[in-house]
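In what follows, every chain begins at residue 1, and chains take the letters A, B, ... in the order their sequences are listed. Predicted model, so just to flag it, every value in this text is computed and none were measured.
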2 protein chains.
Amino acid sequence: MGSPKRTTIYDVAREAGVAASTVSRAFSNPRRVNRATREHVHAAAERLGYRPSPLASALQSGRTATIAMLVPDITNPHFFGAIRGAEGRARQADLTFILSNTEESAAKEQDQIERLSRSVDGFVLAASRLPGGAVTDLARDHNLALVNREVEGIPSAVVDNDSGTGQIVDHLASLGHRSLVYLSGPQQSWSAGRRWKALRSAASEHGMAAERLGPFPPTTDAGGAAADAALARDATALVAHNDLLAIGVLKRLAERDVGVPEKASVVGYDNIFGADLCVPSLTTLAGPGDHAGRAAVELLLRGGARSGTLTDPHRVVLPSHLVIRDSTGPPPVTGRSRRLLH
Amino acid sequence: MGSPKRTTIYDVAREAGVAASTVSRAFSNPRRVNRATREHVHAAAERLGYRPSPLASALQSGRTATIAMLVPDITNPHFFGAIRGAEGRARQADLTFILSNTEESAAKEQDQIERLSRSVDGFVLAASRLPGGAVTDLARDHNLALVNREVEGIPSAVVDNDSGTGQIVDHLASLGHRSLVYLSGPQQSWSAGRRWKALRSAASEHGMAAERLGPFPPTTDAGGAAADAALARDATALVAHNDLLAIGVLKRLAERDVGVPEKASVVGYDNIFGADLCVPSLTTLAGPGDHAGRAAVELLLRGGARSGTLTDPHRVVLPSHLVIRDSTGPPPVTGRSRRLLH
DNA sequence: CCACCCATGGCAAGCGATTGCCATTTGTTG
DNA sequence: CAACAAATGGCAATCGCTTGCCATGGGTGG
């Protein structure tokens, strides 16, 4: 493959009768060259079908016009919004977008950053599994922006789960639930910890009992175990770490003939595709994932550590809202005194 | 960001007391250098925290160790499998993986290829919207592999929709349906054309009538229009271009009180996440999308046009199978003589 | 009319690797 | 033991572009 020889700035320079440097500037720094000359050069380039080599450019300038996004699991619908948003924003900014899967592993994440480091201007870390300290360290040498994760001093865009979690608890409380269980996500998941804290404090404000079960992998498959664990607690309100897990829970409850929402209410996070398709449809916290992705790229563009000191890292918090569907309702009339399974 | 100066082979060379070329070879062509020296060099590199610059390497060698995958719509679950498979295989081969969205546009696809061309060793085109001729042209200058698309002379990995379509029609026929409508996908979609052909011929083999409606965008939103169009035809069996569309159709049919599968059967393609969650759950053709993605990268690795002549392009066809769920059943007893809407 | 400034274009030195070619050293072989 | 081949390391050119610095020339103000 590949034509024998790609045309270079030198070819264009010859064709246009100017120096190579002028050609370079005509493209990368247009205002540095006289308009007439510039147009002349562009015409010559056009004629020759010239395409600049991003590699050569990057090698010399240090700017790659490329950003990478690292995601724990690209197949998790939770991230689709963010990926889509980031990709779109990158495209707008004329940046090449690299997507990489870290397989829920902090080590792989770190390794990816290390190896992409030279070929990329910055990283968007979605729900990074890295411990905060590691992120801070990395930020010293790399341009970072976080999605749905916050680390002191690092720019980030997060969906406001704290207030969202409050909405969930309000909803549950207003339906009459007196307690809830949280079916927790992965241990290293920042959101998981965060949600549990918010859940607990919101619950106590309403005088509700809250218990945390798990951790469970954030997948539908894990829903079985999660549901069983909840049933063993006689829970009437189950808040799952995310919709995938919630949907799995729904399945399992159906198998065990526990009516939803009559016997138990289920809530998820993310409002993924499918949340409105399952039966019963899922009450879930919807957040603008795509905005978060977009915002993170924006932050990267604004320069991360490049733009002066690290003292004013930007922090974007996006509002979330509860989408109430059919998986939540009042607790069983006889309440906590009766077991769910007769 | 960035430490003041990255360490280069020259630094390592000095540290190890050898020439830069030796360092280079110690990494990129290990067998070219004596084992003792090599280990010595590696140790020095380790000590200095040396990371090779992929850019410099690529600039000189012409090999970027990077492939790009172009997808019409990254948010379409149809592609998740393929993306995941390709990403995984690329990672295995130690290749950087670039993902790009072409927004269902042939022009954008072509443009993307053009601009990534210099920084990539090859392209995986998923469900390319490009006309066959354009693909052939591009293949002259680029390393290509196709997913779910076939073009004479270009390596490709496709899920066998032809036989799969046969399975769909068999299933429908055996339930007693005498006719079907195809709710077509985008005009430029190769699969759409392909499916329709297969559908028509399989139908005629069974003596069934087949009609094509559309084109419709392959989204749930488009399902409304598709369903309405089908109802206007008194169709009893609707084969949708993909699951997204099928799910949209299901929704619309429910709104219009057309019982599925009592009054009408619906079939989709892809078996996406969600196909088993909707009500009724969707009968659909499942294909190993991830294998297709993996296979495509494999083909790219095998060298595409690089490996000798183009005379033996590899062509991988992966088996598909029908997953029968609740959205298909026998046609209404009174059959075609009664209108679906009273 | 002179001094000075700014806009513009060219020169040439890199950026950090790869690699063809040559020079040694070491190992084989008749 | 001479002669030749293989293994190994070094030199230096090169990939295609960016950019600091300099030279030139026309425009401007005093």
Trainee: Pick out which of B:T37, B:V12, B:V33 makes a side chain to side chain contact (heavy atoms under 4.5 Å, CB included) with B:V18.
Mentor: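 Only match with B:V18 under side chain to side chain contact (heavy atoms under 4.5 Å, CB included): B:T37.
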Trainee: Would you check, one step at a time, whether the test side chain to side chain contact (heavy atoms under 4.5 Å, CB included) holds for B:V158 with B:L318?
Mentor: CA-CA 6 Å; B:V158 304; B:L318 300 157; over 6 Å; no
Trainee: Pairing donors with acceptors under 3.5 angstrom, does anything connect the side chains of A:S117 and B:R6?
Mentor: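 Present: a donor and an acceptor within the cut-off.
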Trainee: Where each residue is assigned the nucleotide of DNA chain D containing its nearest heavy atom, which of B:R25 and B:Q60 is assigned the position nearer the 5′ end?
Mentor: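 First, find each residue's nearest nucleotide; the 5'-ward one identifies B:R25.
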Trainee: In residues 33-56 of chain B, what residues come within less than 4.0 Å of DNA chain D, judged by heavy atoms?
Mentor: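 By residue number: B:V33, B:N34, B:T37.
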Trainee: Rounding to an integer number of Å, can you tell me how far B:I9 CD1 sits from C:dA17 C1'?
Mentor: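 Rounded to the whole Å, the gap is 5 Å.
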Trainee: Kindly assign one of parallel, tilted or perpendicular to the pair B:F80 and A:F80, based on the angle between their ring planes and the thresholds 30° and 60°.
Mentor: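 Taking A:F80 first and then B:F80, their aromatic rings sit tilted (interplane angle of 30° to 60°).
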Trainee: With a cut-off of less than 4.0 Å, is there a side-chain N or O of B:S24 near OP1 or OP2 of C:dA17?
Mentor: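 False: B:S24 side-chain N/O out of range (4.0 Å or more) of C:dA17 OP1/OP2.
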Trainee: What is the distance, rounded to the nearest whole Å, between atom CZ of B:R63 and atom C1' of C:dT18?
Mentor: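 It is 8 Å, rounded to the nearest whole Å.
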Trainee: Quiz question: by atom type and distance under 3.5 Å, do the side chains of B:N148 and B:S191 form a donor-acceptor pair?
Mentor: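 Not at all, the side chains of B:N148 and B:S191 share no donor-acceptor pair under 3.5 Å.
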Trainee: Just the rounded figure in Å: distance from P of C:dG9 to CZ of A:R31.
Mentor: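 That distance rounds to 15 Å.
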Trainee: How close or far is atom P of C:dG14 from atom OH of B:Y10, stated in whole angstroms?
Mentor: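 One finds 12 Å between P of C:dG14 and OH of B:Y10, rounded.
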Trainee: Using side-chain hydrogen bond (donor to acceptor under 3.5 Å, both in side chains) as the criterion, point out the one residue from B:E109, B:E104, B:Q110, B:Q187 that pairs with B:R129.
Mentor: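 Single side-chain hydrogen bond (donor to acceptor under 3.5 Å, both in side chains) partner of B:R129 among B:E109, B:E104, B:Q110, B:Q187: B:E104.
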Trainee: Nearest to the side chain of B:T22 - C:dA17, D:dC17, D:dG9?
Mentor: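 Ranking C:dA17, D:dC17, D:dG9 by closest atom to the B:T22 side chain puts D:dG9 first.
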Trainee: Output yes when at least one side-chain N/O atom of A:S21 is less than 4.0 Å from OP1 or OP2 of C:dG9, else no.
Mentor: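 No, outside the criterion.
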Trainee: Considering only heavy atoms and no angle criterion, is a donor-acceptor pair shorter than 3.5 Å present between the side chain of A:R32 and the base of C:dG9?
Mentor: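 Between C:dG9 and A:R32, which were checked side chain against base, a qualifying N/O pair under 3.5 Å is present.
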Trainee: Considering only heavy atoms and no angle criterion, is a donor-acceptor pair shorter than 3.5 Å present between the side chain of B:R118 and the base of D:dG16?
Mentor: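 It does not, because no donor-acceptor pair links the side chain of B:R118 to the base of D:dG16 below 3.5 Å.
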Trainee: Counting side-chain heavy atoms from C-beta on, which of D:dC17, C:dG10, D:dT18 comes nearest to A:S61?
Mentor: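 Per side-chain heavy atoms of A:S61, the pick is D:dT18.
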Trainee: What does B:V23 touch in the nucleic acid at a heavy-atom separation under 4.0 angstrom: a base, only the sugar-phosphate, or nothing?
Mentor: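 Contact class for B:V23: none.
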Trainee: I need the single residue from A:L300, A:T66, A:I67 that forms a side chain to side chain contact (heavy atoms under 4.5 Å, CB included) with A:L95. Which is it?
Mentor: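 By the side chain to side chain contact (heavy atoms under 4.5 Å, CB included) criterion, A:L95 pairs with just one of A:L300, A:T66, A:I67: A:I67.
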